[in-house]
Amino acid sequence: MLYSKTAYIVYAGAFLATAVALNVIFTGNGVWFNVGEFLNETSPYMWALLGTSLVVGLSVVGAAWGIFITGSSIIGGAVRTPRIRTKNLISVIFCEVVAIYGLIMAIVFSSKLQAGQPEGRFHADSYYAGFALFWAGLTVGLSNLFCGVAVGITGSTCALADAADGQLFVKVLIIEIFGSIIGLFDFEGARLQVNITNYSS
């Protein structure tokens, strides 16, 4: 892994980026790395819309990944034990709920957007709202991505355990419910974060 072709490409890229950064800093052109100016010149609405798209995109990817993991185990287990097909579909529903969390948060985020100023600097409240919506969208999206994978793996285990012993279904399903609640916790945390945001003119 450390000596593979991909690793050498990563090493060369890191070395090149370090060389360029040191050259810029030591030749007096360090202002090219002015992060504050970049954040001031970037529209806060871009950050808000990026956060909204991240929350939907990552949540849907997490739900799809979980459904892929669960569905393949349900189909594989149902070959030998056909009785598990119907009641294990609840695992697919739990994965789909993760995508619904993302869609609800996108609706909440879009309700926070207001018409912006056509020219000039934005108000500090607008910057705060844009950055808050971006980071809330990123955290909820990543949380739902991992939540969807966790629910998918647990649903897969639930299907295989149910195929082996029908009494294990409810026990593993409780664990799956707790895995699904993780997405709800971050959903509520982001909702509290964006409730105090507003765009000022």
hydrophobic_cluster_shared for Val92 and Ile153, side chain cutoff 4.5 Å: no
Can you tell me how far apart CD1 (Ile175) and OG (Ser180) are? Round to the nearest 0.5 Å. 14.0 Å
Considering all heavy atoms, the nearest Pro44-Ser126 contact: CB-O, 3.2 Å
Can you tell me if Asp162 and Asn88 form a side-chain donor-acceptor pair at under 3.5 Å? yes
Among the clusters formed by ILVMFWY side chains lying less than 4.5 Å apart, do Leu50 and Trp135 turn up in the same one? yes
Are Leu58 and Leu142 close enough that some pair of their side-chain heavy atoms sits under 4.5 Å apart? yes
Minimal heavy-atom distance between Ala159 and Ile84, with the atoms involved, is O-CD1, 3.7 Å
Distance col, row Ile69:CD1 vs Thr154:OG1, nearest 0.5 angstrom, shows 9.5 Å
Which heavy atom of Arg191 sits nearest a heavy atom of Met105, and at what distance? N-CE, 3.9 Å
Is it the case that the side chain of Thr81 and the backbone of Ala78 share a donor-acceptor pair, with hydrogens and angles ignored and the cut-off at 3.5 Å? no
Which pair of heavy atoms, one from Glu176 and one from Cys158, lies closest together, and at what distance? OE1-CB, 4.1 Å
According to a 4.5 Å side-chain heavy-atom criterion applied to Ile, Leu, Val, Met, Phe, Trp and Tyr, with indirect links allowed, do Tyr45 and Leu138 form part of one hydrophobic cluster? yes
How many angstroms lie between CG in Leu133 and CG in Leu54, if you round to the nearest 0.5 Å? 12.0 Å
Got a donor-acceptor contact below 3.5 angstrom from the Arg85 side chain to the Pro82 backbone? yes
Ala136: what forms a side-chain contact (heavy atoms from CB on, under 4.5 Å) with it, not counting sequence neighbours? Phe109, Ala190, Gln193, Val194
Is it true that, when you exclude Phe169 itself, more than 12 heavy atoms of the residues, nucleotides or ligands shown sit nearer than 6.0 Å to its CZ? yes
Phe94 and Tyr101: same hydrophobic cluster, using ILVMFWY side-chain contacts below 4.5 Å? no
Under the side chain to side chain donor-acceptor pair (under 3.5 Å) test, residues paired with Thr139 that sit two or more places apart: none
Treating Thr70 as the side-chain partner and Gly152 as the backbone partner, does any N or O pair qualify as donor plus acceptor under 3.5 Å? yes
When every non-hydrogen atom of Gly77 is compared with those of Ala163, the smallest separation belongs to O-CB, 4.4 Å
Calculate, to the nearest 0.5 Å, the distance between atoms CG and CH2 belonging to Leu145 and Trp65 respectively. 6.5 Å
In this structure, would Phe134 and Ile107 fall into the same cluster of hydrophobic residues linked by side-chain contacts under 4.5 Å? no
From Ile90 atom CD1 to Cys95 atom SG, the distance as rounded to the nearest 0.5 Å: 11.5 Å
Check Val140 against Ser59 and note the closest heavy-atom contact, atom names and distance. O-OG, 4.5 Å
Taking atom OH of Tyr127 and atom CH2 of Trp47, what is their separation to the nearest 0.5 Å? 11.5 Å
